[in-house]
Amino acid sequence: MASDHVVLRPGDEGVDGYRLLTALVVPRPIAWVSTVSAEGVGNLAPYSFFTVASADPPVVQVTSVGEKDTLRNARATGELTISLASAPLIDDVNASSAGFEAEVDEADHLGLAMAPSHVVAPPRVAGSPASLECRLRTTIPVGDATLLLADVVAVTIDPAVLDGKHPRFDLLAPLARLGGTEWGLPGEVVARDRPS
């Protein structure tokens, strides 16, 4: 079958695999991860390599590209909290992605209000509509990245975003990362029954 598609091979000269993947694997939800270092310094950083790894038991996956404070802190303490990055917080989420030194608490530096978590030590972003409190299950090195698999031990949800017990997408207003400097805002939602 003939094709007029361009073939790019990651690793070839001039081909940036990271840029290609992050522009094509879209939209990506954002884990706004809060950790505390062994010395007690808070850290808050967004990660767009984030997904559910297992529903039973509830386990989420965050990927750290490179050795970052979040990874070091989670390994040292075994705990992390993921706050939902929602549309009203886009500028705060973006600002927390800057390359702060390990001894700087991003939330404090940026003036972001944090609230205590219920089960783990790392706090949650007070303005976020939902958070996942987690304990680190394991880390897995993959190339230049490390997968963090974390057990969800508590979930906090603002009642204002619930329809009964179900979180409403339009009220959560989750942000997504796209390619380059692009962000995805909540869009149209459609429903389809699964075929039997």
Side-chain angles (χ1 to χ4, degrees), residues 5-10 15-35 43-55 58-66 68-71 74 80-99 106-107 110 112 124-134 139-140 142-150 152 155-158 160-163 165-195:
H5 286 63
V6 174
V7 177
L8 302 172
R9 292 179 172 83
V15 176
D16 187 334
Y18 175 83
R19 295 284 178 212
L20 270 176
L21 287 175
T22 57
L24 294 172
V25 182
V26 292
R28 295 184 312 281
I30 301 167
W32 205 5
V33 184
S34 170
T35 57
N43 178 264
L44 181 65
Y47 286 82
S48 68
F49 291 5
F50 168 53
T51 193
V52 174
S54 167
V59 178
V60 292
Q61 174 189 315
V62 177
T63 301
S64 174
V65 178
K68 297 183 177 168
D69 295 337
T70 298
L71 176 59
L80 58 149
T81 296
I82 299 170
S83 295
L84 181 82
S86 65
L89 301 169
I90 187 171
D91 292 326
D92 294 325
V93 177
N94 188 48
S96 68
S97 71
E106 288 84 351
L110 297 170
L112 287 171
R124 57 191 171 86
V125 177
S128 171
S131 68
L132 307 173
E133 298 181 27
C134 305
T139 59
I140 303 169
V142 179
D144 68 347
T146 302
L147 310 184
L148 292 85
L149 294 175
V152 178
V155 177
T156 61
I157 303 176
D158 182 342
V161 302
L162 293 175
D163 181 2
K165 292 185 177 181
H166 183 73
R168 282 184 38 184
F169 181 85
D170 61 328
L171 298 176
L172 288 170
L175 288 168
R177 284 289 288 129
L178 306 175
T181 60
E182 299 169 326
W183 295 69
L185 299 175
E188 181 183 4
V189 175
V190 298
R192 296 286 187 278
D193 291 333
R194 288 189 182 199

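Remember, it's a predicted structure, so these values are computed and weren't measured experimentally.
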Inset, instruction - Measure from the side-chain N and O atoms of Arg28 to the backbone N and O of Leu178, and report whether any donor-acceptor pair falls under 3.5 Å. - result: yes
Inset, instruction - For side chain to side chain contact (heavy atoms under 4.5 Å, CB included), just list the numbers for Val59 and Val152, CA-CA rounded to whole Å, side-chain angles, deciding distance to a tenth of an Å, and then say yes or no. - result: CA-CA 6 Å; Val59 178; Val152 178; over 6 Å; no
Inset, instruction - Calculate, to the nearest 0.5 Å, the distance between atoms OG and CG belonging to Ser34 and Leu112 respectively. - result: 10.5 Å
Inset, instruction - Taking the side chain as every heavy atom from C-beta outward, state whether Cys134 and Val60 have any pair of such atoms under 4.5 Å apart. - result: yes
Inset, instruction - Answer whether the closest heavy-atom distance between the side chains of Leu149 and Ile140 falls below 4.5 Å. - result: yes
Inset, instruction - Determine whether Tyr18 and Asp144 make a side-chain contact, defined as any pair of heavy atoms from C-beta on separated by less than 4.5 Å. - result: no
Legend entry - Test item: side-chain donor near acceptor, Thr156 and Ser131, under 3.5 Å: yes
Legend entry - Closest heavy-atom pair and its distance - Pro29, Phe50: CG-O, 3.4 Å
Legend entry - Nearest-0.5 Å distance, OG1 of residue Thr35 to CG of residue Asn43: 4.0 Å
Legend entry - Shortest non-hydrogen contact between Gly179 and Val26, atoms and distance: N-CG1, 4.2 Å
Legend entry - Gap between atom CG of Asp91 and atom CG of Leu110 - 0.5 Å precision: 11.0 Å
Legend entry - Minimum side-chain heavy-atom gap Glu133-Thr81 below 4.5 Å: yes
Legend entry - Close side-chain approach of Thr22 to Phe49, heavy-atom, < 4.5 Å: yes
Legend entry - Heavy-atom side-chain proximity of Trp32 to Leu89 below 4.5 angstrom: yes
Legend entry - Flag side-chain contact, heavy atom, 4.5 Å: Arg177 against Trp183: yes
Legend entry - Side chain Ser128, main chain Leu84, donor-acceptor under 3.5 Å: yes
Inset, instruction - State the CG-CG distance between Asp158 and Leu171, to the nearest 0.5 angstrom. - result: 9.5 Å
Inset, instruction - For residues Lys68 and Val65, report the shortest heavy-atom separation together with the two atoms involved. - result: CE-O, 3.1 Å
Legend entry - Any donor-acceptor N/O pair, Glu106 side chain to Leu44 backbone, under 3.5 Å: yes
Legend entry - side-chain contact (heavy atoms from CB on, under 4.5 Å) partner of Tyr47, chosen from Leu148, Thr70, Ile82: Thr70
Inset, instruction - Heavy atoms only: give me the nearest Ala145-Thr63 pair and the separation to one decimal. - result: CB-CG2, 3.7 Å
Inset, instruction - Please round to the nearest 0.5 Å and tell me the distance separating atom CD1 of Ile30 and atom CG of Leu175. - result: 5.0 Å
Legend entry - Pairwise side-chain contact, Val15 with Arg9, heavy-atom cut-off 4.5 Å (strictly under): no
Legend entry - For Leu8 against Pro10, the heavy-atom pair lying closest together: O-CD, 3.7 Å
